[in-house]
Number of protein chains: 2
Amino acid sequence: MATTTIKDIAKALGLSPATVSRALQDSHEIGEATKKKVKELATQLNYQPNPYASSLRKRKSNTIAVVLPEVADSFFSLAINGIEAVAKDKGYHVLIYLTHESLLREEAILSEFKSGRVDGLLISVSEETTSGTHIKKVIDEGMPVVFFDRECDDVPTTKIVTNDLESSYLATTHLIKQGCKKIVYLCISPSLSISKNRVNGFNKAIEENKLTHSGVVACDKHFDNNIELVKKILSGKNRPDGIIASVEKLTPVVYLACRDLRLSIPTDIKLVSFTNLQTSLILNPPLTTITQPAFKMGEKAATILFKHLDKKKAALQNETIVIASELFIRQSSAKK
Amino acid sequence: MATTTIKDIAKALGLSPATVSRALQDSHEIGEATKKKVKELATQLNYQPNPYASSLRKRKSNTIAVVLPEVADSFFSLAINGIEAVAKDKGYHVLIYLTHESLLREEAILSEFKSGRVDGLLISVSEETTSGTHIKKVIDEGMPVVFFDRECDDVPTTKIVTNDLESSYLATTHLIKQGCKKIVYLCISPSLSISKNRVNGFNKAIEENKLTHSGVVACDKHFDNNIELVKKILSGKNRPDGIIASVEKLTPVVYLACRDLRLSIPTDIKLVSFTNLQTSLILNPPLTTITQPAFKMGEKAATILFKHLDKKKAALQNETIVIASELFIRQSSAKK
DNA sequence: GGTAATTACGTAAACGGTTACGTAAATAAA
DNA sequence: TTTATTTACGTAACCGTTTACGTAATTACC
């Protein structure tokens with residue numbers, strides 16, 4: 001409770017608080033002997049500087065905010081690991097905020113940041129976020145913002161993304177090469193930049209290969225609804241022979257729908273899914289996946305933000321950095 | 001950049017900063033008319049109080065720390081969701097720190113908290129943490145600490161745990177009922193309280209049923225090592241007919257080892273795993289699991305911490321709150 | 001040997017809110 | 001009508017650290 005302050009140390013050594021402060025910062029204005037005395041007493045008394053006093057005076061919090069839709073998804077879990085690794089290394093603290101895919105919450109969270117609580121912001125927007133007005137506002141007020149994964153087209157800042165269009169195209173052509181003629185792309189949160197890119201990659205491949213009876217189907221957030229939807233699709237005539245699940249949580253939906261309908265993956269239907277789950281390879285059958293470099297993306301986003309914070313350059317570049325996803329081909333898309 | 005402060009509002013309205021501060025806090029000392037004027041101007045100027053100035057003066061940060069081994073595991077992901085939900089509700093901010101299972105890092109993180117950066121602490125200790133000395137130290141300095149899941153026996157404070165011993169016992173007897181005679185319990189981080197409880201539950205069931213050729217096997221953190229280990233166990237004579245995987249990440253190990261050895265789950269070997277993965281039911285075969293109430297545990301831990309912080313009671317009760325895990329029986333432990 | 005520069009500190013004012021204390025005016029109690 | 005109380009605000013100190021500015025003492029320079 002009775003924490004020791006700079007004043008305590010100053011009094012004990014017959015110095016002024018200013019001298020102690022400078023000694024602790026290794027200022028060249030302080031003599032070596034004094035520095036040593038101060039530092040020794042500080043460690044002896046287990047002195048911990050009050051971060052809020054420091055932040056108040058220096059107008060710097062050494063804290064960043066990470067704003068995410070949720071941490072249920074394995075992508076964001078891994079991204080947090082990447083972010084935290086860099087933050088600890090750089091001596092920054094990480095505040096975490098979840099929007100639960102709600103634009104309102106996202107706005108409420110961001111509006112607080114004018115207070116100076118954080119020096120910078122890493123964000124992956126909610127699925128309801130179609131415009132980046134609220135994000136531009138905090139940027140205009142001087143807050144550096146780096147997007148990772150889910151970005152906003154209309155906000156000019158640095159963005160760390162993966163090659164969604166290309167990998168979706170790759171996944172689709174992979175299915176086509178494996179013999180699929182009628183591919184359904186299961187989509188969620190269609191307004192997101194990454195969703196659009198993935199859909200575009202899919203459509204590009206479909207058009208190039210002139211496939212008919214292929215297309216995009218919108219799912220919602222309710223597991224049961226999606227099961228019903230997929231079952232309906234799979235039991236109609238013109239049953240698809242290939243499915244692309246555009247997000248992790250749609251994977252179980254497809255597996256269960258197929259099981260219920262006694263359809264075989266990959267014999268009846270081949271499947272590729274966007275997911276970071278480590279269990280992909282022990283699914284029945286092992287799942288062909290597009291795996292995003294989640295850890296690296298978080299790491300990169302944090303690195304860029306901290307570099308900017310240290311250098312105090314002008315604004316962050318309006319730059320999009322792409323870290324490639326990987327296609328892991330497994331049995332769920334096997335030829336026969 | 002030029003953020004508006006209380007002084008700006010005071011000057012604009014011909015009031016003193018003190019009056020503005022009180023008006024914004026709805027103090028009864030301020031007249032209604034003045035309050036209204038102040039609040040209107042505040043929202044108009046988009047005033048956001050500087051949290052660090054406030055924290056410095058009030059000696060309260062409205063921030064808690066969550067210290068975790070990692071967020072790779074789905075348990076901790078869900079727990080964070082629970083914690084964040086309560087924190088947002090109560091107006092608290094959440095700092096996240098990862099120990100990466102290292103006691104050294106855990107100590108380093110905790111030692112910083114003497115500074116007053118956070119008002120309280122939720123922690124799930126690293127696997128290297130055999131003694132809670134460093135945790136007792138921060139408690140002694142007045143920091144309220146609540147454990148969740150991985151606790152320390154020697155630290156008297158509130159702990160939110162699940163019924164590890166009982167559910168491990170339940171899992172083991174389940175396997176025995178299903179016909180298993182030789183059960184291997186795959187263990188990791190044996191020094192953790194939860195590991196001990198789980199092992200004890202296992203041993204209790206084994207002893208009660210007088211099973212021989214059953215026992216605990218220690219795994220390490222390296223996937224490949226574990227695969228080799230499990231394969232060796234499964235290819236020796238006296239091959240076990242049941243396996244309990246005590247943590248999530250051992251699940252793929254068992255599945256892959258069985259696949260490599262062409263052993264069938266559940267015909268040759270029955271499996272139960274401690275895990276929160278939603279993909280359990282689409283594994284091959286669907287996995288029988290002990291599922292921890294991760295979200296609820298996070299929620300409960302946060303709720304108790306905030307209740308304490310609001311009431312400023314003495315110390316947190318040395319109380320252990322148990323939220324039961326659930327056994328979901330699926331095909332991986334089926335009789336035939 | 002006189003001036004300039006450097007070294008090693010102290011003084012005091014910030015940073016932006018909060019709050020103990022004081023006070024004038026308005027109201028209530030006597 | 002006088003005193004006591006309440007209402008509604010202002011003054012100024014304070015939280016702990018940082019830093020612009022000042023200064024005495026030492027060293028360097030010509």
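More than 12 heavy atoms of other shown residues, nucleotides or ligands fall within 6.0 angstrom of atom NZ in A/Lys39. Within a 6.0 Å radius of NZ in B/Lys300, other residues, nucleotides and ligands contribute 12 heavy atoms or fewer. When the shell of 6.0 Å around CG of A/Leu104 is examined, it contains 12 or fewer heavy atoms from other residues, nucleotides or ligands.
Looking at which nucleotide of DNA chain C each of A/Ile30 and B/Pro17 is closest to, the 5′-most match is held by A/Ile30.
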Please report, to 0.1 Å, the donor-acceptor pairs under 3.5 Å made by any side chain of residues 63-83 of chain B, with sequence neighbours excluded.
| unit_1 | atom_1 | unit_2 | atom_2 | d |
| --- | --- | --- | --- | --- |
| B/Thr63 | OG1 | B/Ser61 | O | 3.0 |
| B/Asp73 | OD1 | B/Phe75 | N | 2.8 |
| B/Ser74 | OG | B/Glu248 | OE1 | 2.6 |
| B/Ser74 | OG | B/Glu248 | OE2 | 3.2 |
| B/Ser77 | OG | A/Ser77 | OG | 2.9 |
| B/Ser77 | OG | B/Val71 | O | 3.3 |
| B/Ser77 | OG | B/Asp73 | O | 3.3 |
| B/Asn81 | ND2 | B/Ser77 | O | 3.2 |

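Residue B/Arg59 has no polar side-chain atom (N or O) positioned under 4.0 Å from OP1 or OP2 of C/dT18. Under 4.0 angstrom from either OP1 or OP2 of D/dT17 there lies no side-chain N or O belonging to A/Ser21.
Among the protein residues, A/Thr5 comes within range of the sugar-phosphate backbone only, with heavy atoms under 4.0 Å from sugar or phosphate atoms but none that close to a base. Within the nucleic acid shown, B/Gly116 has no heavy atom closer than 4.0 Å to any nucleic acid atom. In this structure, A/Ser54 reaches the sugar-phosphate backbone alone: every heavy-atom distance under 4.0 Å involves primed, P, OP1 or OP2 atoms, never a base.
With rounding to whole Å, A/Lys60 atom NZ is found 19 Å from C/dG16 atom C1'. Taking atom OH of B/Tyr52 as the reference point, atom P of D/dT17 lies 16 Å away to the nearest angstrom. Note: CD (A/Gln25) to P (C/dA8) measures 17 Å, nearest angstrom. Atom CG in A/Leu56 sits roughly 12 Å away from atom P in D/dG16 (whole-Å rounding). Rounded to an integer number of Å, the gap from B/Asp26 CG to D/dT7 P is 15 Å. Per the geometry, NZ belonging to A/Lys114 stands 17 Å off P belonging to C/dG16, to the nearest Å. Whole-Å rounding puts the A/Arg117 CZ to C/dG17 C1' distance at 14 Å. The interatomic distance linking B/Lys58 (NZ) with C/dA20 (P) rounds to 13 Å, in whole Å.
Annotation: proximity of residues 31-51 of chain A to DNA chain C (heavy atom, distance under 4.0 Å) is found for A/Gly31, A/Thr34, numbered in ascending order.
Results of the side-chain contact (heavy atoms from CB on, under 4.5 Å) test with A/Leu316 over A/Ile139, A/Val145, A/Val146 single out A/Val146 as the only residue that passes. The side chain to side chain donor-acceptor pair (under 3.5 Å) test with A/Thr129 singles out one residue from A/Glu151, A/His134, A/Arg150, A/Glu106, and that residue is A/Glu106.
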Pairwise N/O distances under 3.5 Å, protein to nucleotides 20-26 of chain D:
| unit_1 | atom_1 | unit_2 | atom_2 | d |
| --- | --- | --- | --- | --- |
| D/dA20 | N6 | A/Arg22 | NH1 | 3.3 |

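Using a cut-off of 4.0 Å between Lys/Arg side-chain N and Asp/Glu carboxylate O, A/Lys35 and A/Glu32 are scored as salt-bridged. A salt bridge links B/Lys88 to B/Glu84: one of the charged nitrogens lies within less than 4.0 Å of a carboxylate oxygen.
Ring-plane geometry between B/Tyr97 and A/His93 is classed as perpendicular, the angle between the planes exceeding 60 degrees on a 0 to 90 degree scale with a lower cut at 30.
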